[in-house]
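No experiment lies behind these values; they were computed from the predicted model shown. What you see below is based on every heavy atom in this structure, not just the backbone, and it leaves out hydrogens, waters and symmetry mates.
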Amino acid sequence: MNIVIVESPAKAKTINKYLGPSYEVVASFGHIRDLPAKNGSVDPDDDFRMIWETDPKAAGRMNEIARAVKTADKLILATDPDREGEAISWHVLEVLKQKRALKDQAIERVVFNAITKQAVTDAMKHPRQIDGALVDAYMARRALDYLVGFTLSPVLWRKLPGARSAGRVQSVALRLVCDREQEIESFVPREYWSLVATLATPRGDTFEARLVGADGKKIQRLDIGSGAEAEAFRRAIEAADFTVATVEAKPARRNPQAPFTTSTLQQEASRKLGLAPAITMRIAQRLYEGVNIGGETTGLITYMRTDGVQIAPEAIAQARKVIGDQYGGDYVPKAPREYQAKAKNAQEAHEAIRPTDLARLPSTLRGKLDPDQARLYELIWTRTIASQMESAELERTTVDIAARAGSRMLELRATGQVIKFDGFLKLYNEGRDDDPEDDENRRLPAMSEGERLTREDLRVTQHFTEPPPRYSEASLVKRMEELGIGRPSTYASILQVLKDRGYVRLDKRRLHAEDKGRVVIAFLENFFRRYVEYDFTASLEDQLDRISNNEVDWRQVLKDFWRDFMGAVDDIKDLRVAEVLDTLDAMLGPHIFPPREDGGDPRQCPSCGNGRLNLKAGKFGAFVGCSNYPECRYTRPLVANGESEAADRILGKDPASGLDVAIKSGRFGPYIQLGEAKDVAEGEKPKRAGIPKGTSPADVDLQLALNLLSLPREVGLHPEDGEPIKAGIGRFGPYVQHGKTYASLEAGDEVFTIGLNRAVTLIAEKIAKGPGRGRFKTDPGKPVGDHPTLGPIVVKNGRYGAYVSADGINATLPDGRTPDTVTLDEAIALIDERAAKGGGKGGGKAKRAAKKAPAKKAAAKKTVAKKAAPTRSAAKTAKTASKATPRKSAANSAAKSAKVGG
């Protein structure tokens, strides 16, 4: 028997079918060991000796694997084909050696870029040994992240109370977001004007031309800086005669983009599908590991963590055939296209991400994939096919127009573009984060030199320059890649940690730096500047890549880093908190204390009048306080948030009553109010409506406010009993109600538009589920799909929020996901993560135990587990104890930072 080790049970299940009865494929469930979350796990004084600790959940699995390996003929390590996959294989092998499970068995390492029968069986024919250089690179990266997390985070906590942990690479990514925020705040708009004339040919065809020169001088975009200058040019153009000076038409070709790498997939999925990088990677993981198609589980895409852009020759041949069959021979280029990777190092440069079978059109998978899987597969398929299609052929035309006004000669220009042959554009056009104005896509009428033109209109427009846009998740990933910060396998986790820590927030698909993030970056820029510099971080990444190429010793890289890093830590160990706050106060002053509209001192205390506001730090982070404390106890957040700024404003008049509709600030947040107390009868209150979760007060306009004030609204009468069905927004979101039956809606907007038929259906479905017992026990769960090994997954609403459940393992939904929006891939990832941590209910564990032991023993275990359950008082005692040990929580925070820092 040959034992094959892979990471996930889904991957194991698929590969087991390919290899036959002489192989047993088992899953390690990801990493089995890690550095313990405590000081001393990496010892710089002992040549960076690392102490590895086996995860308690993994220990049981490794015991099972060891028993199987002892009687096996061969051990085959078949984890993913990148650095992390190499590390998992190394960890598994080391643990098996410790358990003395290895004797004379052959040990092989195999890698495959796709989970298909052909790819797996071919890989088995070409085994190798574990790549020691890749393992060294993994250990160096892991040690660096640990040392930074466990050294820098405690410094933050001591010098900046209330601050959270800081990771090696995430801090640099956060600096990018904070720097952009500072650029926006310091930006000074500049006025400029444009003049665009609408001209007509003798045949009556019209087009637009822009003023680009006057009296022999070129006029650039910002050159006309005042209304007076624009008015002078307007008068000249209105008096001018127009003649076509030159017409120039140039052919152009536009080539397709390369197939997806990890970063370009994340960017395009964000732009085109609205998916966060972390979600994109979860869906891609599922497509890679395999989906049941026609009774057989097969991988639909190649490995999704890569910076390579080349694809296999057989895939190119198949793509060319598909192009010819689907779009015709004109769209197949004479020679196959080959692409070169831009990455400096190829340590993760496998094939580009592509479908495993390009003949498997997206249309053939409808109904076999969930919506997000189908959309992502179609995006990958489309990009791959387009990358091998013929170039688009264009014709770009430039027409220069002479405008003579007396002694003045003005020059106008019109540009246009015509697609002569669409080529790859027939199928795919890459998205852009910030589309500039583009005049070239206009089509110009036929004109000839010397032809006279007439003016039909003139548009004189005032403009102001705008600050650079905030990063989207896609553009931040792109910028990190350009700077050499992070690697394909780390982008998604870096972004996720920044959001989870509350350092940034995502608003309208743009990343905004939160105050706590800006304070941390201000601290690091002042006292650890070198370690948040882009060039330094990119250089360190290059060093780690050189380790993977076996060019430098990993311990030497760590020694060089550690020597300088500890010097920086020692430099500030005697620095007092007050000195740190004074430095940050000076740096963040323009952000915290912007100029007042009345021209007064922005630091003057509004409470006592003679105190000075400055930055302070407390248990829960930085805030603004008065210098006259404790006599004056005025405090406020660093910056008034968007809710406060958007609140206490009148939106307009209610057409029905004529009363003001306003947003006001309340004890529990902003709300909408109709009229004032004086407008209602004595003892009554004005009508109010809450603002739905996820909606910013700044985005509320009069129409939305009126819609919210109209709730609950009557949808119609139920056809069976004639009783009204109402729609409204409650504590748990939008709903429809019939009598005592409430049914949740699928989207917040639906509450304003839901019709009677849909409402009746929701009510009927809710009744069919049955009443249940107790408020939180009535929800049987909404089916999500099947887990590869644990069976059906349902999403439920519990006492402490929504969660997904499979075979007794429960996992809470993260912020931003609801029972109606969580996807199957997300649910599987959450349950696998929870299982790896030892989570689940006793019932679920007993079920799994029952599969491996007689029913009688399983029942006994269940009884014992029940008797051993902690009492309410014991749980309370444990909770109190946990509050009394904050250092352990801090260590866990530093450990988490260390894990995801790189």
Side-chain angles (χ1 to χ4, degrees), residues 153-166 174 178 181-182 184-186 501-505 512-529 571-649 662-671 697-698 883 886 889-890 893:
S153 295
V155 173
L156 264 176
W157 302 328
R158 289 194 300 270
K159 305 299 180 184
L160 196 60
R164 300 192 68 180
S165 51
L174 176 60
C178 292
E181 206 73 41
Q182 195 167 350
I184 293 171
E185 290 172 356
S186 61
R501 293 262 165 81
Y503 289 159
V504 302
R505 77 177 189 278
H512 296 247
E514 294 283 32
D515 287 336
K516 64 175 70 174
R518 296 191 68 164
V519 169
V520 168
I521 286 301
F523 175 85
L524 295 175
E525 282 197 83
N526 275 280
F527 303 107
F528 290 90
R529 183 168 188 82
D571 286 344
I572 72 161
K573 65 181 180 181
D574 296 326
L575 205 63
R576 293 184 297 112
V577 172
E579 294 177 272
V580 172
L581 290 176
D582 288 344
T583 302
L584 301 189
D585 184 278
M587 182 176 182
L588 294 173
H591 169 65
I592 303 173
F593 308 106
R596 285 169 38 174
E597 292 183 3
D598 61 3
D601 182 4
R603 287 183 180 261
Q604 182 182 12
C605 177
S607 180
C608 68
N610 58 6
R612 183 173 174 77
L613 300 181
N614 48 41
L615 184 68
K616 297 182 180 296
K619 182 180 178 182
F620 301 106
F623 63 95
V624 171
C626 180
S627 59
N628 286 339
Y629 178 85
E631 288 78 15
C632 178
R633 294 180 173 271
Y634 174 81
T635 63
R636 67 164 172 83
L638 294 193
V639 177
N641 59 31
E643 290 187 355
S644 300
E645 294 173 356
D648 297 317
R649 60 190 176 97
I663 295 182
K664 293 181 173 291
S665 295
R667 180 182 176 188
F668 302 106
Y671 61 92
K883 289 182 178 179
S889 299
S893 181

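Of all the heavy atoms in Leu174 and Gly517, the pair that sits closest is CD2-O, 3.7 Å. Ile521 and Cys178 make their closest contact through CG1-SG, 3.9 Å (heavy atoms, listed as atom of the first residue, atom of the second, distance). When all heavy atoms of Lys616 and Leu581 are compared, the pair lying nearest together is CA-CD1, 4.1 Å. Ser627 and Asn614 make their closest contact through CB-ND2, 4.1 Å (heavy atoms, listed as atom of the first residue, atom of the second, distance).
Distance check: Glu579 CD to Asn526 CG gives 12.5 Å after rounding to the nearest 0.5 Å. Put simply, CZ on Arg612 and CG on Asp601 are 6.0 Å apart, with the number rounded to the nearest 0.5 Å.
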Q. Run the side-chain contact (heavy atoms from CB on, under 4.5 Å) check on Cys632 and Cys605 step by step: do they pass?
A. CA-CA 9 Å; Cys632 178; Cys605 177; 3.7 Å; yes
(Q) For Phe527 and Val580: C-alpha separation, side-chain torsions, deciding distance, then whether side-chain contact (heavy atoms from CB on, under 4.5 Å) applies. (A) CA-CA 9 Å; Phe527 303 107; Val580 172; 4.0 Å; yes
Q: Give the C-alpha distance, both sets of side-chain angles, the deciding distance and a yes or no for side-chain contact (heavy atoms from CB on, under 4.5 Å) between Thr635 and Tyr629.
A: CA-CA 10 Å; Thr635 63; Tyr629 178 85; over 6 Å; no
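A donor-acceptor pair under 3.5 Å is absent between the side-chain atoms of Arg596 and the main chain of Pro602, judged by distance alone. Of the possible donor and acceptor atoms, one in the side chain of Asp585 sits under 3.5 Å from a partner among the backbone N and O of Leu615.
Asp582 pairs by the salt bridge (charged side-chain N to carboxylate O under 4.0 Å, His left out) definition with nothing, not counting sequence neighbours. Scanning for salt bridge (charged side-chain N to carboxylate O under 4.0 Å, His left out) contacts around Arg633 gives an empty result, with sequence neighbours left out. With sequence neighbours excluded, the residues satisfying salt bridge (charged side-chain N to carboxylate O under 4.0 Å, His left out) with Glu181 are Arg470.
Between Pro606 and Tyr634 the shortest side-chain heavy-atom distance falls below 4.5 Å.
Around the CD atom of Gln182, the shell of radius 6.0 Å holds no more than 12 heavy atoms that belong to other residues, nucleotides or ligands.
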